[in-house]
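In what follows, every chain begins at residue 1, and chains take the letters A, B, ... in the order their sequences are listed.
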Amino acid sequence: MLDLKRIRENVDGVIKRLNQRGEDFSYLHELVKHDEERREIISALETLKAQRNATSKSIGKLKREGKDIDEVMATLEHDKVTIQQLEKTLTSLENSIEKTLLMTPNIPHENIPIGKDEDDNPLIKTVGDIPKFTFEVKPHWELGPELNILDFDRATKMSASRFTVYKGLGARLERALIQFMMDLHSDTHGYTELILPYIINRKSMVAAGQFPKFEDDAFKLVDDRDLYLNPTAEVPSINMHRDEILTADQLPIRYVAFTTAFRQEAGSAGRDTRGIIRQHQFNKVELIQFTTPEQSYEALDCILASSEQVLKQLKLPYRVVELCSGDIGFAMAKTYDIEVYIPAYKTYREIGSISNAEDYQARRANIKYRPTKDAKPEFVHTLNGSGLAVGRTVVAILENYQQEDGSVKVPEVLIPYMKIDTIK
RNA sequence: GGAGUAGUACUCAAGCGGCUGAAGAGGUGCCCCUGCUAAGGGCAUAGGUCGGGGAACCGGCGCGAGGGUUCAAAUCCCUCCUACUCCGCCA
């Protein structure tokens with residue numbers, strides 16, 4: 001959520017920056033008008049309430065003294081109606097302001113590249129060499145069933161499309177990757193492990209910025225408690241500290257969480273229909289940080305480096321792009337995507353996303369910290385990054401490590417977890 | 001799933017329509033006495049948020065959350081959430 005004061009003080013500046021996202025945010029002028037009205041009403045209302053409070057108090061005294069109160073009662077009766085009317089107007093103004101703010105995305109960081117869509121995302125770096133195959137490569141959706149480690153048909157039978165059964169060494173590979181990533185981030189990079197609920201309430205979804213705008217992409221439980229399947233560990237993790245005031249020495253807080261993520265993929269019908277690139281259910285290891293505003297961009301680089309470390313150790317070729325203003329996520333001010341090379345596509349595909357939300361989520365989630373012992377609380381900055389998407393890592397390994405005979409070599413760092421060196 | 005009980009400030013806890021913007025205790029902070037590994041005394045301690053103001057300050061809201069009754073609610077009514085106890089079931 002954006003700071004209403006910031007919008008009020010510089011609407012045109014805010015709109016100009018938001019418009020870099022490629023939409024029109026001039027509706028914020030109306031928001032400012034509503035805000036002005038709102039403050040006028042508050043002033044009037046508070047004067048009336050102060051009066052009423054004082055008078056009501058005096059009634060208590062008069063009554064105890066046995067004096068007549070009819071006259072005072074009459075004026076109060078009149079004020080009561082006025083107060084009720086003003087309150088009604090105020091509530092509807094506040095609701096409309098709130099609604100607008102919740103639907104307005106974060107302001108892109110001032111230094112991010114301006115662009116329309118993913119084609120305008122500048123390349124930051126490329127790491128590792130694209131493997132040269134002396135035979136025709138197979139896509140993972142062929143390798144998987146042939147090795148008897150992925151089963152698409154049976155998954156559809158027991159569930160629906162976009163679900164997959166991992167079997168034998170496939171299941172082992174998934175589990176090994178999770179273990180490897182969690183160990184790396186907790187032991188080497190200093191993150192605290194979390195195991196989180198997979199069923200999330202609406203408030204948490206709103207706080208993280210998923211709702212109300214992206215409700216269609218969540219799986220809603222048929223339940224009168226308004227609960228949803230976890231779409232990414234970012235959501236429960238950010239909500240760890242919702243409505244809390246942290247102390248400066250608690251920061252930065254670093255969490256690593258493995259969760260299974262569930263997504264409707266509502267806008268993606270027909271895309272990536274083969275294989276496990278785009279599933280309704282997938283595993284992901286996520287890195288989360290809560291920092292002071294001063295430290296957040298340093299933390300962003302730090303998370304990026306930690307995520308890259310996963311691919312470096314797996315010896316998978318990847319590149320890093322920075323998202324341009326038109327491609328950046330709703331709640332984020334700046335984002336890097338890590339893309340891994342996928343031989344079947346002969347291109348790089350997103351395997352992780354590392355973002356700084358600055359104080360956008362912190363405002364929605366009301367997460368503050370006290371810079372010094374007696375200072376006023378300020379909003380923290382929140383960051384999140386994949387470390388990494390496990391299913392897509394499986395794809396990258398199967399395809400990049402495939403051999404001519406259809407077997408797949410196990411990356412060296414996974415051998416201790418897999419306890420074998422070849423999937424065949 | 002059935003039957004209860006409870007949610008008040010950092011913590012414990014009193015209050016059950018106006019004198020409570022919240023007694024009391026603990027904790028914490030400052031000060032005094034004393035002087036040696038103890039303790040005694042005094043004072044302070046609602047944070048947060050919103051509105052007004054250059055500021056000191058003033059005001060609104062706040063007793064789990066949201067509604068309602070009333071001139072006035074922590075206190076009465078309704079809905080919800082959470083925790084605990086007992087029974088049943090269960091990994």
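When rounded to the nearest whole Å, the span between NZ of A/Lys376 and P of B/G47 equals 13 Å. The interatomic distance linking A/Leu48 (CG) with B/C58 (P) rounds to 21 Å, in whole Å. Atoms CD (A/Glu98) and C1' (B/U49) sit 14 Å apart, rounded to a whole Å. If you take CG of A/Asp226 and P of B/A65, they are 20 Å apart, rounded to a whole angstrom. The distance between atom CG of A/Asp223 and atom P of B/C81, rounded to the nearest whole Å, is 10 Å. Remark: P of B/G48 and CD of A/Glu244 are 16 Å apart, rounded to the nearest angstrom. In this entry the distance linking CG of A/Leu90 with P of B/C61 reads 13 Å, nearest Å. With rounding to whole Å, A/Glu87 atom CD is found 18 Å from B/C50 atom P.
B/G40 and B/C57 have their P atoms separated by 35 Å, given to the nearest Å. One P atom belongs to B/U34, the other to B/G41, and the distance between them is 16 Å to the nearest Å. Separating the P atom of B/A74 from that of B/G67 is a span of 14 Å, rounded to the nearest Å. Remark: the separation of the C1' atoms in B/A23 and B/C16 is 15 Å, to the nearest Å. Rounded to a whole angstrom, the distance from the C1' atom of B/A3 to that of B/A91 is 25 Å. Distance check on atom P: B/G66 versus B/U8 gives 16 Å, rounded to whole Å. Distance noted for atom P between B/C80 and B/C87: 27 Å (whole Å). With P as the reference atom, B/C10 and B/G68 are 28 Å apart, rounded to whole Å.
In terms of phosphate contacts, A/Lys49 brings no side-chain nitrogen or oxygen within less than 4.0 Å of OP1 or OP2 of B/G51. When the side-chain nitrogen and oxygen atoms of A/Arg39 are compared with OP1 and OP2 of B/C50, none of them lie within a distance under 4.0 Å. OP1 or OP2 of B/G51 sits under 4.0 Å from a side-chain N or O of A/Arg8.
Under the Watson-Crick and G-U wobble criteria, each requiring two contacts below 3.5 Å, nucleotide B/G88 is left unpaired. In this structure, B/G27 and B/U45 make a Watson-Crick or G-U wobble pair, each of the two defining distances being under 3.5 angstrom. With both pairing distances under 3.5 Å, B/U20 is matched to nothing as a Watson-Crick or G-U wobble pair. Under the Watson-Crick or G-U wobble criterion, with both distances below 3.5 Å, B/A56 has no partner in any strand shown. Under the Watson-Crick or G-U wobble criterion, with both distances below 3.5 Å, B/G66 is paired with B/C78. Using N1 to N3 plus N6-O4 or O6-N4 for Watson-Crick, or N1-O2 and O6-N3 for G-U wobble, each under 3.5 Å, B/A72 pairs with nothing. Judged by Watson-Crick or G-U wobble contacts below 3.5 Å, the nucleotide B/C33 has no partner.
Taking only side-chain atoms of A/Glu46, from C-beta outward, the nucleotide of B/G47, B/G51, B/U49 with the closest atom is B/G51. Of the candidate nucleotides B/C50, B/G59, B/G52, B/G59 has the atom nearest to the side chain of A/Ala50. The side chain of A/Pro377 approaches B/G48 more closely than any other nucleotide in the set B/G51, B/G48, B/C61. For A/Asn53, the listed nucleotide lying nearest its side chain is B/C61; candidates were B/U49, B/C61, B/G51. Among the nucleotides B/G51, B/G60, B/G47, the one closest to the side chain of A/Arg370 is B/G47.
Checked for salt-bridge contact, A/Glu322 and A/Lys334 meet the test: a charged N lies under 4.0 Å from a carboxylate O.
Taking the centre and axis of the six-membered ring of A/Tyr401, the NZ or CZ atom of A/Lys409 falls outside the cone set by 45° and 6.0 Å. Remark: A/Arg349 is positioned above the aromatic ring of A/Tyr345, its terminal NZ or CZ atom under 6.0 angstrom from the ring centre and at most 45 degrees off the axis.
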* Asked: After noting the C-alpha distance and the side-chain angles of A/Glu244 and A/Lys368, does the key distance pass the salt bridge (charged side-chain N to carboxylate O under 4.0 Å, His left out) rule?
  -> CA-CA 6 Å; A/Glu244 288 184 21; A/Lys368 300 186 168 181; over 6 Å; no
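When each of A/Gln84 and A/Arg52 is assigned the nucleotide of RNA chain B with its nearest heavy atom, A/Arg52 is the one assigned upstream, toward the 5' end. Each of A/Asp35 and A/Leu45 was assigned the nucleotide of RNA chain B with the nearest heavy atom; the assignment lying further toward the 5' end belongs to A/Asp35.
A distance of 9.5 Å separates CD1 of A/Ile367 from CZ of A/Phe379, quoted to the nearest 0.5 Å. Here A/Asn106 contributes atom CG and A/Arg363 contributes atom CZ; the two are 10.0 Å apart, rounded to the nearest 0.5 Å.
Remark: the A/Ser204 side chain and the A/Asn201 side chain contain an N/O donor-acceptor pair separated by less than 3.5 Å.
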